[in-house]
Structure formats: C-alpha cells, structure tokens
Amino acid sequence: MSIKMVYFFGNGRAEGNASMRNLLGGKGANLAEMTNLGLPVPPGFTITTQVCKMYYENNKKFPQGLWEEVLKNLKKLEEATGKKFADRKNPLLVSVRSGAPVSMPGMMDTILNLGLNDETVKGLAEATNNERFAYDAYRRFIQMFGNVVMGIDHGKFEEILEAKKKEKGYKYDTDLTAEDLKDLICKYKDLIKKETGREFPQDPYKQLEMAIKAVFDSWNNERAIKYREIHGIPDDMGTAVNVVAMVFGNMGDDSGTGVAFTRDPNTGENVFYGEYLKNAQGEDVVAGIRTPEPISKLKEEMPQVYDELLKVRDILEKHYKDMQDIEFTIEKGKLYLLQTRSGKRTAKAAVKIAVDMAKEGLINKKEAIKRISPKEIDQLLHPQLSPIAKKKAKNEGRLFAKGLPASPGAAVGKVVFSADEAVKLAEQGEKVILVRHETSPEDIHGMHVAQGILTSRGGMTSHAAVVARGMGKVCIVGAEDIEIDYKNKCMKVGDKIVKEGDVISLDGSTGEIFVGEIECIDAEFTPEFKELMTWCDEFRKLQVRVNADTPEDAQKGREFGAEGIGLCRTEHMFFDEERIPVVREMILAQTSEERRKALEKLLPFQKEDFKAIFRVMDGLPVNIRLLDPPLHEFLPKTEKEFEDTAKYLGLPIEEVKRRAESLQEANPMLGLRGCRLGIVYPEIYEMQARAILEAAVEVTKEGVQVFPEIMLPLIANDKELKILRDLIEKVAQEVFEKYGHKVNFQIGTMVEVPRAAVTADKIAKYAEYFSFGTNDLTQMTYGISRDDAGKFVNVYKEKGIFEEDPFVTIDVDGVGKLIEMAKTLGEKVRPNIKTGICGEHGGDPKSIFFFHKIKITYVSPSPYRVPIARLAAAKAAILEEEGLL
Ligand code: ADP
Ligand code: MG
Ligand code: MG
C-alpha cells in the first residue's frame, strides 16, 4: 500500500482542501482551498506533514518514492505554467515554503526564486526582457539559499551588499544595475565557498532537494522547539512543504507585493486594511527596507487590481466566516494570492469582529462566544501598552527583559526595590514599580501603592502573582535574566542597568519589561463587549457573583455583571488605622468582659462597612464571612507598634509583649482560626452577626433590598455549626425585636476542610448553603501549603505529576471529587442546597467548566474576573449542548 505524499493545486483544481490542515499544514490547505474557490493562486504542490514524520523516522532521509512524486508534480507544474524547470530558455522558478498545521514563527524562512543558476538566469533575462530583474532575482536567491539552507549568517551577505552600494554611492537596492548585481553574485558565491567549503549548487534539482530537506530540518531547530514548548504544540505534528510557482512583484511599477486584512486587526472595524510595496518581492514588505503604502493608495494606482482584491476579500470572508490575513503579489497588473489564514487581532478587534459577524449573519451568537478566549477578555479589561509604541521601543533596544505574564495590563513607573520606598514615593505622588527577588506578606503595603510588581524569581502562583492578581495589579514574575542588587539599588541584564528612580514599563499580558516610558491605551468597554456579555448571559447556567470586601470592589463587580457577592471577607475591615488599636485591645483582652468592651467599639465600624456594601448591592445577595484568620495576624509587630499599643491600653510594654507571645502558634493556619474563634470567643461572632443584621435592618428602612448571608468559615464538624447557628439566631431575634423589623437572611458555611466535605450531609442540616473555599480545600486535601507550593509545583509539572497547578485549576480527581460528593450529600438533606465557589478557581475558565458540569449554583471570582467567568460559563453551556464538554 502506498500513501499519497504530495498534493497538487493549480488551474482551478486542487487535490487538497481546507479541512486537511493536519496533513497539508495551514498554508497548504488554504492554498488548495483558495484554488478550489477559483481564486488566482499560482499553481504548486504540497508535501505532507506525514512525509516530514517519515523523514525523521528514516534517519533524516527522504522516504522511498518521495522524489519520484516530487518530479511527477514538477511536471504538472510545468504543464500548468508553460515553463520548464531548469530550462535555459524559459525557466520555471519556484518558492519553497514551510507550513505547519498551526502557525509557527520559529520555522524556516521561505526561499524564493529557486531554480536559478548561471544559465537559467540568462533565460529569465531573455524571457522577461529584463536583465536587471533576472540578476536581482538570482542575487536574492543565492542570499536566501545561502542563509536559510546553507546556514551562512545573513549579515555577511548584507555587508557585501552595503559595501557595493557605498562604492557606487547608491541609497536603495533598486539603484543597483545588472552589472553591479552580476558582480555581487560572484562575491556571494565566493562567500559561500569560503564559509562552507562547498559550491553554491548550480543544479536546480539539487537546490530543490536541499531546500525541502532544510524545511524538514527546521521543524527541529531550536527556535521551533522552544516555540512549541511554550505554546504546547506536539512535537510529532511535523511540517508540510509547499513548492509554488513563482510570480514576480518586482517586474516594475505595475507590479508589487502586499499584505492585507479583511478587517482592521487593531480595532475590528469592517474596513479593508493593509499595505503594499510597488516593484518588490516577498519579504520586502515585512523587512521594512522601504516604507510600504497603505492599501488605499492601490485604489488610485491600480484600480482594477484593487477592485479584484475587494472581491477576493468578500469571497474569503463569506467562505471562511472569519477575518482573513492575506498575502498577495501583483505581476504586471495581474493579481495572485499567496496565502490566507485567520488574522491575528487585538482583543478589542476580536470582540468587535465576532459580534459584528454575528449581526451580519455570518455566524451565530454561540459561535461568536466560542471565538473569544478568556485571555482576550482579561486583556480588554486592563489598560495596555500601545503596540506601536512597544514596537518602536524594541527597535530602539529598550526591551530590558522578559518574565512570566502573571497579571495583565500596563504599568509605567519609577523603580523601587523595597516596599517602604514604594510607599514613600507614592506618598509624594509618584507612580512606582516595585521590584523584588520575590515578595512576601511583608511587602503588601508596597504592592498596594505600586502600579506594578516585578520579581526576578517565582512562578505564576508565587506570592507576588497571586496577590497582584487579587489586587488587579500588573505583575511580571520569574524574570530570571534580571540581576537585582538591593545594596546598590539597581538591577541589570547584561550591560543594561536600571537604577532606583529610573522609569520602566511593564506589559503584564506578555511579560515584557521596557526601559523608559511607553504610552498606554486605556481599557475600553466597547458596546460590542457589553453586547457579547449579554449574549453570554443568555446561554450560561452558572451564576456569577464577585468576591468583594469593600463598596468599591462591590461596585466594580456589579458593573462587570456580578449577581451578588459570593465572599465578603471581614478581616480586611479590621486593618484600618483607626480600628487596629481597638482590634488589638480586643485580641489582647484577658477576660470576656474586656473583650466585649472592645468589640462594642468595633460594632459601629463594622455596621457602617456592611451598610455601605448593602447599598451598593441593592437587590442582590451578599455573603459575609465571619472572622477567619488567626488573631496574631493583627498583633503589633514593630517596637513602635508595641509602644503605641501599650500606651493605648495603659499597660506596661512588657505585659503587651507577654500577652502577644501567648497568642503565638506553631501552625497558625491550622490553629485557632475560622469558626474555632467563634467557638472559643463567641462574643466576636456575636458582634459581627449583630453588625450585619442591624445594618440590614437599617438599610431596609432606607428602601434598600438586602439578602444577607452569614457564612461560617473552617467548619469541620456539624456540632461547631450547630452551636454557631444557635448563636446567630439568638442575635437575630434580639436585633429584630430591638428594631421591630425582620429581614430574611441565610446561614451557610464554607466547605474548605475535607472533613466538612465528607460529612456534608450532617453539616447541611444547619447550613442553607455551601460555599467551597477551594484554596484551603486544595491546600488541605493535598497537604500542600499554597505559600510554599511555588518551590516545587514546576518540578511536579515537569515530571507529569501535576498537569496543572492545582491552586490555579481545580484538581478534578481529588478536590473536585470532594466538592461533588459534598454537594450530593448536602442535597440528600436539603434538596436545593445552594452551592458556590469562592476560591481563586472561581475565576479560572477550566475550573469553571467543571463547576458547570457538576451543576454548582454560582462561582465568585475577584471583580476583574467576573466577565471572564461569564464568558467561561457560557462556553461551558454551549460546549455541553454540543456534546463537547
Ligand atoms: P511566511 O510563512 O513567513 O509568511 P511565506 O511562505 O508565506 O512565508 O512567504 C513569504 C512571502 O514570500 C509571501 O508573502 C510572498 O510575498 C512571497 N512568496 C512566497 N511564495 C511566492 C511565490 N510563489 N511567488 C511570489 N512570491 C512568493
Ligand atoms: Mg517568514
Ligand atoms: Mg506568508
């Protein structure tokens, strides 16, 4: 049995088509498709990706029969073009182009004008009656072949070329005469001989063989391997090789070459967009030697060609139902298409194009939703560094380093190397970027005031990354090329040095770090974005709430479409400057009496906090978690703080220190925290419950609709919950009696300790809802502390133990199973028990797919992830409907 190794296209008919992408590569499949559509594509043939695989299996030799197939197809190409390969009179020239199933910039560069040698070049000169053109083509070919196939540094050819131009006093390549070019060709050949010890191959068949091999070899060059690694592309996919009859854009002013997009890739506007160069070939447009003209100019210069391009634009969009990026060449007034593919676009354009196309009837709403990735939504919500300014900065050599894009957006500011310095400068109104090896909880105040955070170590779930995402701050981590010198307050990469106070710019979406200021473009809530979001709401089944501790975050979440607060932490409310002395008084109290006194002072503060949040969330549920962290987190730390506390409490400083010490714990995260606080010091939860319910009653009287939910953290045993529920109900009775007014509220629990999940049926007796605290639940199920996981998660990923970081994407087999089980157990007791997810996973698209599948009621991410969750939830519903989840 023999397999088909080569697919021909030409004269309106192709053996392949667009669905054969895996076999023919993206370029080859689309060249075939365009041929079948009747578009003007120069004829050619595609050697399949399967042959590439065979080549590797065969010790980098052509599989048997391949060369015969190539020769057969070359014959067909000769028939189609009326030219002959290696012919002295009217030679057929071809391009040799790589093309993998997915676009891969790491691959081999295209070789143009293959088939030229000392003889055929004369034939080309005669046939075209243009000697200069022929020798220019030959000169380009030797240069490309020498570089791409024979591995000689491109710069060495350029040196020779520049020397020639200088000698002759020319400015442009186009100034070179045929004679100049002939001389250059000799010099190029000498260079090749000198560098490789081999002659430049004169036999066109030999050239073709070498070029095809070079494409296959480039599949495994370093760039390509690295690119596949980063983008998760399988190594065994292989690349196809396209051999295409040459058409010439460099035959004079009625010729040219260009690139166009069927819509504006920056804005998504439905306009034809592109540029072209007159009298130029292939890469000239990209290389930036001459500045190309906008495509609108073509309308004036070659109106017929322009009209034809517009028709092509229409045909391609209707056919592919997506924005296309096309490459074309004009040879003496005749248009040829050399490539089409789905065009890369900004996030903003992606949304506009998807929504517009749905409205134009090209695609439906579901398809529009499927086309947008959560990453794009993420990008849209944050300001971005201007792509144009970035490109300019790169040309100026201002790219400093690259790290991992931990939290998206753009940040520009002065470099500081300590949190204290950050605060100092920020207070003077400066924008700062905090740069550290890595961050720790001690740096929070600095992170809080910084525009962005940059660390030289750490991964996507390092402290800096997690905290920055939570704060919605730009963050780049693991920029390992950067050496930070805290002592001399500077950082360097090679010989580039950035000192404290110097301005840098961070692109948190790509991980790029630039020296100096780069212009930003603001996040925009375009009408199309809003419309897309409402479409998502039509399809999704999961509700989306928001994690918010302040009225500002609550407001933001609401604007982003949250349907309630899924987690309102109360501890942050204690950190306020005015309150912390009272909080310390409460913690350091020796008797329940003393503690109550301090709590009474805190009550009005808490009440105001809740009232403000209720007002913002008018009409929507607000789930408030009672105090959770170990108390010592609030204790004084510095000497100054101890002094202040002692003074405030009227106690000797030694006594304050003694009391503080007695609160220290060996494993605070597993110590006196969560509901255990409420069991040991009931007065704390009592005060909080009172603050919530009084706030609820008071705003109800203002006409605000409240749906408070009171949540108990870290429950492991149903008896804990029973005791605390009784406590809250007692408080409620008192409050309602006092005001003579009742509000409906619910009591629920976090499920974050495995024991709670396992005994969820018992726990459900006292809980109207479960909220899965997936951070702690993951931590405790795996027995891995999230703060320390950074040190080994990557090793675990490399060794294939973790497919994903379980703190980012839910561990379906373990933690996920616990969640599902808890839900099922809970439903036995309370059939419609409400279930929510309030950990980081609530904003992670893959995890959201799982939560949809097991029919969780809602997810609750941080404000900026609310739209992402809406999109992911809609996608989950659509994919499920299509049987693809
Ligand atoms: P890439 O994958 O880098 O886009 P291509 O294989 O598309 O590389 O080639 C780059 C450019 O070379 C094309 O856009 C086109 O301008 C030119 N080119 C390739 N093949 C031909 C050909 N047969 N005739 C004329 N120009 C060609
Ligand atoms: Mg290229
Ligand atoms: Mg191309």
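One-based numbering, in listed order, for ligands and for the atoms of each.
Note that Lys60 lies outside the cation-pi zone of Tyr55, set by a 6.0 Å cut-off to the ring centre and a 45° limit from the axis. With Tyr135 as the aromatic partner, Lys182 meets the cation-pi criteria of under 6.0 angstrom to the ring centre and within 45 degrees of the ring axis.
At under 3.5 Å, a nitrogen or oxygen of Val247, whether backbone or side chain, sits near a nitrogen or oxygen of ligand 1. Considering backbone and side-chain N/O of Ser98, none are found under 3.5 Å from N/O of ligand 1. Taking only nitrogen or oxygen atoms, main chain and side chain alike, Arg341 does not reach within less than 3.5 Å of ligand 1.
For ligand 1, the atoms sitting less than 4.0 Å from at least one non-hydrogen atom of Thr257 are 16 (O), numbered in the order shown with element in parentheses. Ligand 1 places these atoms under 4.0 Å from at least one heavy atom of Val244: 23 (N). Near Leu112, meaning under 4.0 Å from any of its heavy atoms, are these atoms of ligand 1: 12 (O), 17 (C), 18 (N), 19 (C), 20 (N), 21 (C), 27 (C).
At a heavy-atom cutoff of 4.0 Å, ligand 1 is contacted by no atom of Val259, backbone or side chain. Here Glu327 has side-chain heavy atoms under 4.0 Å from ligand 1, and that is the only part of it that gets that close. Residue Lys27 touches ligand 1 through its side chain alone, judged by heavy-atom distances below 4.0 Å.
Counting only heavy atoms from C-beta outward, the side chains of Leu93 and Phe85 never approach each other to under 4.5 Å. Side-chain contact check for Glu33 versus Tyr320: some heavy-atom pair is nearer than 4.5 Å.
Among the atoms of Gln339, an N, O or S atom falls under 2.8 Å from the Mg ion (ligand 3).
Checked for salt-bridge contact, Arg139 and Asp136 meet the test: a charged N lies under 4.0 Å from a carboxylate O. Salt bridge present: Glu512 and Lys394 bring a charged side-chain N and a carboxylate O closer than 4.0 Å.
With hydrogens and angles left out, the side-chain atoms of Tyr188 and Gln143 include a donor and acceptor closer than 3.5 Å. One side chain, Gln324 or Thr340, offers a donor N or O that lies under 3.5 Å from an acceptor on the other.
The residue from Gly249, Ala245, Pro42 that puts a heavy atom closest to atom 23 (N) of ligand 1 is Ala245.
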